[in-house]
Structures are given as structure tokens and as C-alpha cells.
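Take a look at the structure below.
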Amino acid sequence: MTNLNELFTTNTVFLYDQELLMKPDYFLPFALTDVLTTFSGINQQPIIHFWQLDQAMILGMKDTRVADLNSGLTALKQDGYNVVIRNAGGLGVIADEGVLNVSLILPNPTNKKMSIDEAYTLMWNWTKLAFEDSDHSIEAFEISESYCPGTFDLSINGKKFAGTAQRRVKDGTAIMLYISVNGNQQKRGESVRRFYKASLPESFGKNGYPPVDPTVMANLEDLLHKTLTVQEVKQRLLAVLAENRPNVFDNQTLPTLFTSEWFTSEISKQMNKMQQRNQLLD
């Protein structure tokens, strides 16, 4: 198993926890991902970024090219979901107070850049270290009828509880994970299914859009058969990184750096890109 700590270029890992964001702040975590990844590469600084949205479907750019986007958006609104378009391709996922988003942001090694699969395997291994036990094996393979299916879907007994994505800049890589921790996962799946049914009336489940079946997904707490909070999941993820190396999680530095000229300028650029992208929803 890859030793995560071997990839940390310093014992100090910057930690930024945005906690639960409401609709006016939806663009921020997406804008920050690119900025933090650039910063990580320039400064050889590993970063962990936690965030949540209160009640939204995050659309990928492919989702905006459905046959009837407006009908899909209406279905989501009827189910109580806001919508945001992220700055990456791919397909949509649900974000709410029971879903944790995690970004592991690493500077690219100077000797050899991590491959896409190596980066995903790193996130898989981190999740296994935190939550796998003798009764619950965490596997990585595509759950094709889940929403946003991918080769590194994480599952227990064939039920997906987490999905992965990546963002790459010149000198940094952000490996991203969403974990369905608790809440109504059935409702999440049904709402995404309704979105695709409404927006793809003639071609549901075709042309690279998933034939979403809510029963193939579950919460981590249900699969482990124990009550879990989002806070406990964060604590466990951090704890396993500290077990083999005395990592210091610094949650003070980034908020002070955000007021610097470089951060202010870069965040503003990325926020403008998010605003332009999301004009499709107006």
C-alpha cells in the first residue's frame, strides 16, 4: 500500500475546513481548488481541504449538454436542490450536510509526476486506512448505475459510498473525494435519476449519461453499521495520516494568506470563471 506520508514534502500539512457553505458561497470551494493546487506546486506545500454545500446538485460540464436542461433543473428544484456547475468535465453529484468533500492537494514530485491512476490509488488507500476493517473491504471499481460513475468509485459489498475526481495544474495535483457519510442517500439517487429522466427524455442512460439506479449506492455509516458524523469522518482521515509520521495540521496559515495580493488576485480570477460558467443557469 502506498505510504501517503512519503508524498508529503514537509511535516506541516496546511488544513482548510470550509465546513457547510450556503448558496451565496457555492463558487468558493471550486475556485479555491485551482488556486490551492497552484499554491501547493509553487511552494511544495501539501494541503487538505474539507468542504460541504447545504443542498445542491453539482453539475459537470457534460451535464449542461443534455437535451433539455431546463426540465432537468425544474426537477431538481422540485426536489429542493440548488444547482451549481463545477469547473470540470464529467457528471453530476449531490452535495448536502451528510456528504463530505475532501481534496488532497499535493505538489508534483520533482523526479516523477504521479500518474492519474497513482493519484486515485492514493486516495483509495487513504480511505482504506481510515475505514476498512476485517469485515468491510473497500474496493475501487466502476459502479456503472451510480451517479457520476468512474473507475475509482469506492464501495463496500458492491454499494458505492464515495466517488473521486482530479484537477491538475503545472506543478500540483488535487485528488478529490466525496463521501456520502449519512442522510438520505436513496433520495439523493432518486433526485439525480429524475434530473436525467427529465433532461434526457429520449435517451436516458445513453451517450455517456448514467442510467442511475439509487439502490446501488449507500452511506458509509450504513455500510459500516455504525453511526457516523461528518466531523468524525474528518477526524479519522486526519488521524490515520498522523499515525506513521508526526504531521502537524496547520489550520491557521491559509486564512491569513488569503488576504495577500497573490491569493486575492487568483481567487478573483477563478471566481469570475465560475460566474461565467454558471450563467448557463440564468
* Asked: Within a strict 4.5 Å, meaning less than it, do heavy atoms of the I175 and W126 side chains meet?
  ->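 The answer is no, as the side chains (C-beta and beyond) never meet within the 4.5 Å cut-off.
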* To do: Taking the side chain as every heavy atom from C-beta outward, state whether L177 and F152 have any pair of such atoms under 4.5 Å apart.
  =>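 Heavy-atom side-chain distance check fails, nothing below 4.5 Å.
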* Could you walk me through whether E266 and K269 pass the salt bridge (charged side-chain N to carboxylate O under 4.0 Å, His left out) check? -> CA-CA 5 Å; E266 292 299 311; K269 287 178 198 171; 3.0 Å; yes
* To do: Could you walk me through whether Q270 and F27 pass the side-chain contact (heavy atoms from CB on, under 4.5 Å) test, one step at a time?
  => CA-CA 9 Å; Q270 295 299 330; F27 294 170; over 6 Å; no
Backbone N/O of [Y] and side chain of [X]: donor-acceptor pair under 3.5 Å:
X: D153; Y: I143; value: yes
X: Q52; Y: L20; value: no
X: Y196; Y: D63; value: no

* Can we call the ring centroids of F30 and W51 under 6.0 Å apart? ->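 Ring centroids of F30 and W51 are less than 6.0 Å from each other.
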* Within the 6.0 Å centroid threshold, strictly below: Y16 and F258 ->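 Close enough - the centres of the two rings lie under 6.0 Å apart.
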* Asked: Are more than 12 heavy atoms from other residues, nucleotides or ligands located less than 6.0 Å from atom NZ of K187?
  ->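 Buried by this count: over 12 neighbours within 6.0 Å.
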* Just checking, is any N or O donor in the side chain of Y81 or D96 under 3.5 Å from an acceptor N or O on the other one? ->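 No.
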* Asked: In terms of side-chain geometry, is the basic nitrogen of E97 or R188 positioned less than 4.0 Å from the acidic oxygen of its partner?
  ->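 A salt bridge is absent here (no side-chain N lies under 4.0 Å from a carboxylate O).
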